[in-house]
Amino acid sequence: MIKTLLAQVREFKKDSLLTPLFMIFEVLMETLIPLVMASIIDNGVEAGNIGYIYRMGAVMAVLAILGLAAGVLGGKYGARASTGFARNLRKAMYENIQTFSFSNIDKYSTAGLITRLTTDVTNLQNAYQMILRMCTRAPASLLCAMTMAFIVNAKLASIYLVAVIFLAAILLYIMTHATRYFKEVFRKYDDLNASVQENISGIRVVKAYVREEHETSKFQAACNKVYEMFVKAEKLVVLNMPVMQFTVYACILCISWLGAKMIVGSSLTTGELMSLLTYCMNILMSLMMLSMVFVMVTMSTASAERVAEVINEKTDLTDPENPVMEVPDGSIVFEHVDFSYKKDSKEPVLKDINLSIRSGETIGIIGGTGSAKSSLVNLISRLYDVTSGSVKVGGIDVRNYQMDALRNQVSVVLQKNVLFSGTILENLRWGNKEATEEECRHACVLACADDFIERMPDKYNTYIEQGGTNVSGGQKQRLCIARALLKKPKILILDDSTSAVDTATDARIRKAFAEEIPDTTKLIIAQRISSIKNADRIIVMDNGRAVDFGTHEELMESSPIYQEVYNSQTQGGGDFDHHTGGENA
């Protein structure tokens with residue numbers, strides 16, 4: 001974990017080294033000042049030597065200025081190092097998340113990843129800055145002050161040694177017991193962020209069903225759990241300050257009492273007592289700074305583990321050593337394919353799938369909720385890897401392709417359509433960033449999106465809100481289809497992507513596909529028989545198996561499941577399975 005985090009310091013190594021050096025220099029200047037002060041009292045004030053006081057006063061001023069300059073520079077370089085460290089952590093996590101396969105993404109909640117990128121990294125940034133500055137300054141100040149105190153008077157300085165040992169034991173107890181509470185706190189933060197994210201993304205549904213009170217109570221419950229964990233941790237952490245103050249005052253009293261007796265006995269000068277009291281404050285302030293560092297490190301340990309986990313996560317899908325860079329054609333072959341989302345699953349999602357699809361064919365896929373229609377097509381673009389068997393595109397196993405090369409030739413319109421904040425043109429160019437406006441318009445004509453875009457005030461420059469909230473479900477689907485067409489793929493997969501459009505528009509889209517992209521293999525998952533009736537062939541899925549495969553006419557004669565679907569939809573029974581499927585649909 002430490003190695004993973006330190007690797008993100010990179011170009012800020014110089015700043016990370018200069019910060020503790022300036023901190024140590026500042027400490028040295030501060031350590032010399034009490035000695036000069038003692039000399040002024042003993043050799044200047046008591047001797048009545050004004051010239052000596054002026055000379056030593058000038059030396060003290062120079063030491064103070066040098067210490068101040070070192071402190072400012074230490075703060076400057078420390079801020080650069082810590083903020084740069086945080087930037088690199090966020091960048092490393094975000095870049096690694098982009099490489100995740102769907103199975104990697106399934107391990108983490110969206111809210112959990114956001115917490116790691118924000119709260120956890122901020123904790124590490126603060127901890128790193130404190131380590132560079134205070135964790136260097138405090139031990140150096142403690143060591144220097146302790147050394148000088150023993151040089152001045154070893155007997156009185158031994159009081160500091162006892163205080164240091166006592167406080168170290170208290171700090172160790174606080175740190176070890178508070179750590180487990182802070183680890184739990186950040187898991188509760190994930191729940192809190194999840195509650196906020198779910199509520200905001202579904203705010204229209206919340207208001208439509210008047211569930212504001214329910215959502216508020218959910219959020220309040222998540223807040224209370226974070227509060228309870230923090231209270232438990234802070235109950236231990238707050239012990240630090242009163243124990244520290246007790247020790248400071250006890251040391252001052254002991255040194256003042258013993259020092260006064262030694263001055264009377266002429267074994268200690270007034271200046272030496274003043275310097276010892278100054279060193280007392282230096283030592284105890286150093287311990288206080290160390291305690292703050294320990295508390296921050298304790299809090300950030302849990303954050304460090306969570307951040308390192310994301311950075312070290314390895315994608316389940318990798319390119320082969322010598323990948324194939326070109327997809328010959330759009331033919332697809334499934335050979336004895338089994339697939340499970342989890343390796344230890346007893347029952348596979350897909351079972352012994354054997355299919356052969358010719359390049360340029362239009363293939364319909366139909367089946368009930370949970371019949372694994374989406375799981376089947378996800379294997380084609382290698383969003384997941386098969387558990388056993390093989391999937392071939394263009395006669396080559398998909399695992400032998402470079403993934404970018406394969407996915408650039410397999411265009412997918414997923415079940416859950418996603419648009420990003422930006423103009424319509426910017427969204428369309430996700431399919432092809434070099435596409436001209438004319439090419440974008442042509443793709444929209446094929447997807448039957450051009451008509452509603454032209455009615456918008458800014459037409460193709462209309463701004464789409466995050467998630468596409470300012471367009472309807474049908475409009476969103478058509479924009480996503482147009483975006484997919486701009487890739488000019490060899491395989492086009494529509495995962496229930498016309499469910500929100502009317503049957504007339506659906507028919508126009510299918511007609512445009514047949515006329516404009518005849519050489520593209522088209523796989524259309526649908527709930528309506530009318531959407532796939534004219535397909536070259538149709539796959540009937542049931543319980544993870546391809547139970548039938550043929551034309552509409554062939555299936556009407558030989559497939560009981562297909563006959564049931566057809567009859568239920570043509571005889572007034574509505575859709576066979578009105579609800580669209582979930583993850584495995």
Side-chain angles (χ1 to χ4, degrees), residues 91 94-95 97-102 315 317 319 323-332 359-360 377-378 380-383 393-394 396 398 400-414 416-468 470-471 475-495 497-498 509 512-523:
K91 184 180 178 183
Y94 191 80
E95 287 179 348
I97 289 169
Q98 302 309 304
T99 69
F100 285 1
S101 67
F102 279 24
T315 179
L317 305 181
D319 288 329
V324 178
M325 304 299 293
E326 293 289 335
V327 180
D329 57 53
S331 62
I332 305 165
S359 182
V377 297
N378 283 341
I380 297 170
S381 55
R382 207 186 170 200
L383 299 177
V393 171
I396 300 169
V398 293
N400 293 332
Y401 284 108
Q402 185 201 49
M403 280 186 285
D404 287 353
L406 173 66
R407 290 171 184 171
N408 276 329
Q409 295 300 324
V410 181
S411 203
V412 184
V413 183
L414 295 170
K416 296 178 181 178
N417 297 290
V418 176
L419 293 175
F420 297 89
S421 52
T423 65
I424 289 177
L425 276 176
E426 288 170 346
N427 269 277
L428 291 172
R429 285 178 177 140
W430 273 69
N432 177 6
K433 61 183 179 182
E434 305 297 334
T436 64
E437 185 169 341
E438 186 57 39
E439 287 174 322
C440 292
R441 287 178 182 273
H442 182 63
C444 288
V445 169
L446 295 181
C448 297
D450 185 64
D451 52 351
F452 74 80
I453 294 173
E454 289 295 336
R455 291 197 298 270
M456 290 180 167
D458 297 320
K459 297 183 170 51
Y460 282 81
N461 290 312
T462 300
Y463 190 83
I464 299 293
E465 301 294 340
Q466 185 179 11
N470 58 332
V471 292
Q475 291 171 340
K476 189 189 295 185
Q477 285 186 337
R478 282 177 277 173
L479 286 172
C480 289
I481 292 170
R483 180 174 67 187
L485 289 172
L486 277 171
K487 288 181 74 173
K488 299 178 181 176
K490 288 186 169 66
I491 298 172
L492 175 63
I493 299 171
L494 303 179
D495 188 352
S497 304
T498 57
I509 292 172
F513 285 173
E515 293 175 354
E516 297 286 338
I517 50 172
D519 297 330
T520 298
T521 304
K522 297 165 282 291
L523 283 78

Might you point out which heavy atoms bring [X] and [Y] nearest each other, and give the distance in Å?
X      : Y      : answer
Pro323 : Tyr401 : CB-C, 3.9 Å
Pro489 : Ala484 : CD-O, 3.8 Å
Ala435 : Cys440 : CB-SG, 4.1 Å
Leu479 : Phe452 : CG-CZ, 3.9 Å

Flag, side chain of [X] to backbone of [Y], donor-acceptor distance under 3.5 Å:
X      : Y      : result
Thr423 : Tyr463 : no
Asn408 : Asp404 : yes
Arg407 : Arg382 : yes
Arg478 : Cys448 : yes
Asp319 : Gln402 : no

Inset, instruction - Please name the residue in the list Val413, Leu492, Thr520 that meets the side-chain contact (heavy atoms from CB on, under 4.5 Å) test with Leu485. - result: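 The passing option is Leu492.
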Reported [atom1]-to-[atom2] distance for the pair [X] and [Y], which is rounded to 0.5 angstrom:
X      : Y      : atom1 : atom2 : answer
Leu419 : Glu465 : CG    : CD    : 11.5 Å
Ile481 : Leu446 : CD1   : CG    : 10.5 Å
Leu428 : Ile453 : CG    : CD1   : 6.0 Å
Asn427 : Leu486 : CG    : CG    : 11.5 Å
Ile380 : Leu523 : CD1   : CG    : 5.0 Å
Ser381 : Leu406 : OG    : CG    : 6.5 Å

Please name all residues satisfying side-chain hydrogen bond (donor to acceptor under 3.5 Å, both in side chains) with [X], sequence neighbours left out, ordered by chain then number.
X      : value
Ser359 : none
Asp329 : Ser331
Asp450 : Tyr460

Inset, instruction - Report yes if the side chains of Met456 and Ile424 come closer than 4.5 Å at any heavy-atom pair, otherwise no. - result: yes
Legend entry - Sequence-distant partners of Lys487, salt bridge (charged side-chain N to carboxylate O under 4.0 Å, His left out), two or more places apart: none
Inset, instruction - Assess whether atom CD of Glu326 is packed by more than 12 heavy atoms of other residues, nucleotides or ligands within 6.0 Å. - result: no
Legend entry - salt bridge (charged side-chain N to carboxylate O under 4.0 Å, His left out) contacts touching residues 423-445 (sequence neighbours left out): Glu437-Arg441, Glu439-Lys488, Arg441-Glu454
Inset, instruction - Could you pull out all residues at least two apart from Asp458 that satisfy side-chain contact (heavy atoms from CB on, under 4.5 Å)? - result: Asn461, Thr462
